[in-house]
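Worksheet: the structure to be examined is printed underneath.
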Amino acid sequence: MKKWCLFLSLLIVALILTACGEPFLSTMKPAGEVAEKQFDLLLLSTGIMVLVVVVVVIIYLIVLIRFRRKRVGEDKIPKQIEGSHKLEFIWTVIPIVLLLILAVPTLLQTFELGNVSGKEKVDKDGNRENLVVNVRANLYWWEFEYPDLGIVTSQDLVVPTDERVYFNLIASDVKHSFWVPAAGGKMDTNTDNENYFYLQFDSEKADEAGNLFYGKCAELCGPSHAYMDFKVKAVPRSEFDEWVKAMQNFEETEPTTAVAQQGKEIFENSCIGCHAVTPDNSTPANARIAPNLADFGNRTTVAGILPYTKENIKKWIQNPGDIKPGNLMYDSENFSDEELDALAEYLMSLKAQN
Ligand code: HEC
Ligand SMILES: [Cu+2]
């Protein structure tokens, strides 16, 4: 009786969990062309596997029931068959057919999803037709460089919806993996060679997800691997263009309050050696050793994981090592509450404006 209760409750939990899929995070709720194709393959292979299991279990049950010893003392042995060509033919051909049904679409999709030739397409003025983003993975943060637009940003990736976005993927320290579960992937970011792929974000699905998808590092890379998150703001093309313009015309905002001014001074003493506060890609990648904070005021998270609040910003600056163990900022610092307030206020004022 107890065992049955346990079994039933497990079953119920499993059923409830199958309904757990957030549109901004779930592979089961594909939000674009790539994710849909990958999801279809998932369904196809699961379908074939379930079919095989069901048929085998049915045959097994039939044999079990039909040929079991029915009465005590019965010792009839069923007819023994050896070398039946018909049976051998059937159990060879069926798996071959099933494997073909699985292999052909999988291979075709693998080549299609790996085809990044669209990256090279240019219009008549020689401008690239598609958006290209260089993704650089670092312990434990992400950088997104738009080489054709001259922009760099960190943690929040901004992309236009309803078009293919091509990614060049690389890592600067150890191997990581770039994954936006709802949109597709994942693909490794290696240290010594670039990987390429593309994703596409449906505008309708982006609306459902609040225009914000979650991204993850999918390769165990160190103690804070699980905190190596990023966000993808997928917005209509017009909105994306406005963002680009704001980033390209970026001017450092002068602090408007005395507190923010004080924050700026502390920042220029203690932080600017690692963090840039302009969003252009003029410094070479290997000199960009910390997240770019130019547009920090428009972030959705602090350090990729904490909700974006002033308290969390202060917490991070005081003890980044508590929040992401092993991260490369510093473990902890002794700022007074006043200094932390000043730094947070200054950082929150950093925004690209139109
Ligand atoms: C030794 C270089 C270094 C110094 C100095 C440094 N940081 Fe950082 N900072 C980093 C690195 C590396 C990260 C990324 C950590 C991670 O997410 O794993 C980071 C992350 C951050 C973040 C989160 C960024 C984001 O995109 O959400 C903030 C905010 C920040 N630092 C503020 C500061 C402030 C303020 C100071 C000065 C008091 C400072 N940092 C000094 C290296 C540095
Ligand atoms: Cu990682």
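Counting starts at 1 for both ligands and their atoms, in listed order. These numbers were taken from a predicted model, which means no experiment stands behind them.
In this model, no donor atom of one side chain and acceptor atom of the other lie less than 3.5 Å apart for Arg128 and Asn130. For the 3.5 Å distance criterion, the side chains of Ser154 and Asn292 fail to qualify, holding no donor opposite an acceptor. The closest side-chain donor-acceptor pair between Asn190 and Lys175 falls under 3.5 angstrom. A donor-acceptor pair shorter than 3.5 Å can be found between the side chains of Glu145 and Asn281. A side-chain donor from one of Asp156 and Thr300 sits under 3.5 Å from a side-chain acceptor of the other. With no hydrogens or angles considered, a side-chain donor-acceptor pair links Asn138 and Ser172 at under 3.5 Å. Residues Thr257 and Glu345 bring a donor and an acceptor atom of their side chains to less than 3.5 Å of each other.
Counting heavy atoms closer than 4.0 Å to ligand 1, residue Trp316 contributes side-chain atoms (C-beta onward) but none from N, CA, C or O.
Proximity to Ser270 (heavy-atom distance under 4.0 Å) selects the following atoms of ligand 1: 5 (C), 37 (C). Listed by atom number, the atoms of ligand 1 under 4.0 Å from Phe335 heavy atoms are 38 (C). Set against the non-hydrogen atoms of Trp141, the atoms of ligand 1 under 4.0 Å away are 12 (C), 14 (C), 17 (O). Listed by number with element, the atoms of ligand 1 under 4.0 Å from a non-hydrogen atom of Phe296 are 25 (C), 27 (O), 29 (C). Those atoms of ligand 1 that come under 4.0 Å of a heavy atom in Val302, given as number and element, are 27 (O).
The closest approach between any non-hydrogen atom of Tyr227 and ligand 1 is not below 4.0 Å. Note on ligand 1: Leu328 sits in its first shell, one or more heavy atoms being nearer than 4.0 Å. Distances from ligand 1 to the non-hydrogen atoms of Gly273 include no value under 4.0 Å.
Taking distances strictly below 2.8 Å, the protein N/O/S atoms close to atom 8 (Fe) of ligand 1 are His275 NE2, Met329 SD. Protein N/O/S atoms found under 2.8 Å from the Cu ion (ligand 2): His176 ND1, Cys217 SG, Cys221 SG, Met228 SD.
Remark: aromatic rings of Tyr227 and Tyr140 are distant, center separation not under 6.0 Å.
For a threshold of 3.5 Å applied to N or O pairs, the pair formed by Leu343 and ligand 1 contains no separation below that value. Considering backbone and side-chain atoms alike, Arg299 places an N or O below 3.5 Å from some N or O of ligand 1. Of the polar atoms of Ser154, none of the N or O atoms is found under 3.5 Å from an N or O of ligand 1, judged by distance alone.
The environment of Asp125 atom CG is dense: over 12 non-hydrogen atoms of other residues, nucleotides or ligands sit within 6.0 angstrom.
Here atom 12 (C) of ligand 1 lies nearest to Ile289 when heavy atoms of Asn327, Leu293, Thr301, Ile289 are compared.
Atom 27 (O) of ligand 1 has Ala303 N, 2.6 Å as its closest protein atom, hydrogens excluded (heavy atom only). Taking atom 18 (O) of ligand 1 as the reference point, the nearest protein heavy-atom neighbour is Tyr140 N, 3.1 Å. When hydrogens are left out, the protein atom nearest atom 17 (O) of ligand 1 is Lys324 NZ, 2.6 Å; that is the closest non-hydrogen contact.
A ring pair (Phe, Tyr, Trp, His ring centres under 6.0 Å) with Phe230 is found for exactly one of Phe144, Trp141, Phe213, Trp179, namely Phe144.
Salt bridge status for Glu33 with Lys37: present, with a side-chain N to carboxylate O gap under 4.0 Å. Between Asp341 and Lys314, at least one side-chain N (NZ, or NE/NH1/NH2) sits under 4.0 Å from a carboxylate O, which counts as a salt bridge. Using a 4.0 Å cut-off between a side-chain N of Lys or Arg and a carboxylate O of Asp or Glu, Glu74 and Arg71 qualify as a salt bridge. Under 4.0 Å is where a charged nitrogen must lie from a carboxylate oxygen, and between Asp241 and Lys245 no such pair does.
Cation-pi check for Arg164 over Tyr198 is met; the charged atom lies under 6.0 angstrom from the ring centroid and within 45 degrees of its normal. For the pair Lys231 and Tyr214, the cation sits on the ring face: its NZ or CZ lies under 6.0 Å from the ring centre, inside 45° of the axis.
Under a 3.5 Å cut-off, the side chain of Asp173 and the backbone N or O of Leu139 do form a donor-acceptor pair.
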